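Structure record follows, encoded as structure tokens.
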Amino acid sequence: MQISKSVRAAMVPDENVMHPDFTSIYLIGPPGGQSLTIDSGEATERYQWFLRGYLAATEHAEIGIATITHHHADHSGNLKWTKEFLNAEIAIPKGGRRLLTGRIPRQVHQYGDGDVLDMGGGVRLQVIETPGHSSDSLCYYLEEEGVLFTGDTLLGSSTTTVWDLGDYRRSLEKLLELPNLQVICPGHGKIVEDPRERLQMYVNHRNMREQQILEVLKDGEQLSSWDIMLRVYGDEIDTRLRRAADGNVRSHLDQLLEEGRVNEYAGKPKRRRSERAVKRQHEHERERDRILREAKKIEAARSREEIRRQENPPSEQWSKPPLYDLA
């Protein structure tokens, strides 16, 4: 999908309730030149085949640099694959190496606030640090074309989860000040054609949630974050999103606690499991992961075999096939 003169989107349909509509991989660069990708999807064949197919069918350029908006696996899962199979240079947020253990090659570039990625032909991407959804969240801004890439800082079809609410609110205010902002390309969901209105809606939404939480607590009842979440959200959300909503409530409570507006009463954690039990669980998880890897290999081999079957004559059916000539 063409977004602007220098921006294309490979939008992968997604059924994950946390990723409504699409998960997008963006390609940025002048026509016919080297491109930069923003995010790469999960480390599954679906995303790899989709990107390869898009490059083969649509693009007439190579990927020079593959970068990400933050470390979460649905954005960074294919960095090693992109390096190995597409020969792209890999770029990550500054200080993000420890968050990406096992997902990046040895040699990477690191970008932070104020850095500029010059793709030639007048295509210059500004790097903007926007912590809040995660500690390492970045946005990228192509000011000349008014295109902002937000990862999960702002989504196209829903609100997002927040790790640090104070940081997140400051990040939204920073984005609202950008000049020439015309369109937002989110990590998930539809392209946002009313960027300032949507950013302000996110600000207003967080303010509304804060007021709802304070309203729930005004009677003096001591409640857990989960109980507060149930009262605030009610039937508003899919039950599969309750953990995410509880995380957002806790982010609000952390900020309210820091501001002295709520009290916190210490909880009682469950007894720690024995070292032997933890070891057994880790072994079980490793075995499960091994089985899943083997299953993926079998699935890939079956797919390759089916392709070979389509490319070659049905020799498994005939020792000598029927022959034909004109009657």
Side-chain angles (χ1 to χ4, degrees), residues 14-21 23 69-75 99 129-137 139 150-176 184 186-190 192 196-273 281:
D14 202 327
E15 296 178 355
N16 188 325
V17 68
M18 295 289 288
H19 311 153
D21 297 322
T23 289
T69 55
H70 60 299
H71 71 278
H72 291 165
D74 55 320
H75 295 258
L99 299 171
E129 290 181 358
T130 52
H133 169 74
S134 68
S135 60
D136 65 330
S137 286
C139 289
T150 56
D152 286 354
T153 297
L154 184 143
L155 303 181
S157 305
S158 67
T159 54
T160 192
T161 54
V162 180
W163 167 75
D164 185 298
L165 185 58
D167 280 348
Y168 186 67
R169 281 174 156 153
R170 287 185 285 274
S171 293
L172 291 178
E173 294 295 342
K174 183 191 293 189
L175 296 178
L176 273 167
I184 287 176
H188 308 284
K190 300 177 178 67
V192 177
R196 295 192 190 281
E197 291 83 352
R198 187 67 64 85
L199 283 165
Q200 188 61 53
M201 184 272 283
Y202 264 50
V203 173
N204 297 343
H205 181 77
R206 295 271 62 93
N207 293 338
M208 178 194 71
R209 287 293 185 221
E210 179 180 285
Q211 290 305 311
Q212 288 175 326
I213 290 168
L214 292 172
E215 184 70 20
V216 167
L217 292 173
K218 73 176 183 179
D219 292 333
E221 187 179 0
Q222 295 178 9
L223 299 169
S224 69
S225 64
W226 189 266
D227 291 332
I228 295 170
M229 179 275 296
L230 290 175
R231 296 190 189 188
V232 166
Y233 286 84
D235 297 328
E236 175 185 331
I237 58 169
D238 190 310
T239 55
R240 293 171 294 175
L241 293 173
R242 282 180 173 174
R243 282 281 184 100
D246 179 61
N248 280 351
V249 168
R250 282 186 280 109
S251 293
H252 276 281
L253 291 171
D254 287 343
Q255 186 174 34
L256 291 168
L257 183 64
E258 186 178 326
E259 295 170 352
R261 300 167 70 188
V262 299
N263 299 314
E264 181 182 45
Y265 302 92
K268 182 180 178 182
K270 289 187 175 180
R271 287 183 59 187
R272 292 183 62 182
R273 292 175 300 162
Q281 181 179 347

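Note that this is a predicted model, so its numbers are computed, not measured.
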> Is there a side-chain contact (heavy atoms from CB on, under 4.5 Å) between Leu99 and Ser135 once you walk through the steps?
Replying inline: CA-CA 10 Å; Leu99 299 171; Ser135 60; 4.0 Å; yes
Are more than 12 heavy atoms from other residues, nucleotides or ligands located less than 6.0 Å from atom [atom1] of [X]?
{"X": "Gln200", "atom1": "CD", "answer": "yes"}
{"X": "Arg196", "atom1": "CZ", "answer": "yes"}
{"X": "Asp235", "atom1": "CG", "answer": "no"}

Tell me if a side-chain donor or acceptor on [X] pairs with a main-chain N or O of [Y] at a distance below 3.5 Å.
{"X": "Arg242", "Y": "Ile237", "answer": "no"}
{"X": "Ser224", "Y": "Asp227", "answer": "yes"}
{"X": "Asp152", "Y": "Val162", "answer": "no"}
{"X": "Asp238", "Y": "Arg240", "answer": "yes"}
{"X": "Ser251", "Y": "Gly247", "answer": "yes"}
{"X": "Ser171", "Y": "Pro131", "answer": "yes"}

[X] versus [Y], closest heavy-atom pair with distance:
{"X": "Pro186", "Y": "Gly189", "answer": "CG-O, 3.9 Å"}
{"X": "Gly187", "Y": "His75", "answer": "CA-CE1, 4.1 Å"}
{"X": "Gly156", "Y": "Arg198", "answer": "O-NH1, 3.2 Å"}
{"X": "Tyr202", "Y": "Thr159", "answer": "OH-CA, 3.3 Å"}
{"X": "Ser225", "Y": "Asp246", "answer": "OG-OD1, 2.8 Å"}

Using a 4.5 Å cut-off on heavy atoms from C-beta on, say whether the side chain of [Y] contacts that of [X].
{"X": "Asn248", "Y": "Thr161", "result": "yes"}
{"X": "Val203", "Y": "Leu176", "result": "yes"}
{"X": "Ile213", "Y": "Val262", "result": "no"}
{"X": "Leu256", "Y": "Leu214", "result": "yes"}

Can you measure from [atom1] ([X]) to [atom2] ([Y]) and round to the nearest 0.5 angstrom?
{"X": "Leu172", "Y": "Lys174", "atom1": "CG", "atom2": "NZ", "value": "11.0 Å"}
{"X": "Leu155", "Y": "His133", "atom1": "CG", "atom2": "NE2", "value": "7.5 Å"}
{"X": "Tyr233", "Y": "Thr239", "atom1": "OH", "atom2": "OG1", "value": "14.5 Å"}
{"X": "Leu223", "Y": "Ile228", "atom1": "CG", "atom2": "CD1", "value": "5.5 Å"}
{"X": "His188", "Y": "Asp74", "atom1": "NE2", "atom2": "CG", "value": "4.0 Å"}
{"X": "Thr153", "Y": "His70", "atom1": "OG1", "atom2": "NE2", "value": "7.5 Å"}

> Can Glu215 and Lys218 be counted as an ion pair, charged N to O under 4.0 angstrom?
Replying inline: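 Counted as a salt bridge, because a side-chain N and a carboxylate O are separated by less than 4.0 Å.
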> Can Asp167 and Arg170 be said to form a salt bridge (Lys or Arg N to Asp or Glu O under 4.0 Å), step by step?
Replying inline: CA-CA 5 Å; Asp167 280 348; Arg170 287 185 285 274; 2.9 Å; yes
> side chain to side chain donor-acceptor pair (under 3.5 Å) with Gln255: which of Arg206, Arg261, Arg250, Arg169?
Replying inline: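 Looking at Arg206, Arg261, Arg250, Arg169, the match for Gln255 under the side chain to side chain donor-acceptor pair (under 3.5 Å) is Arg169.
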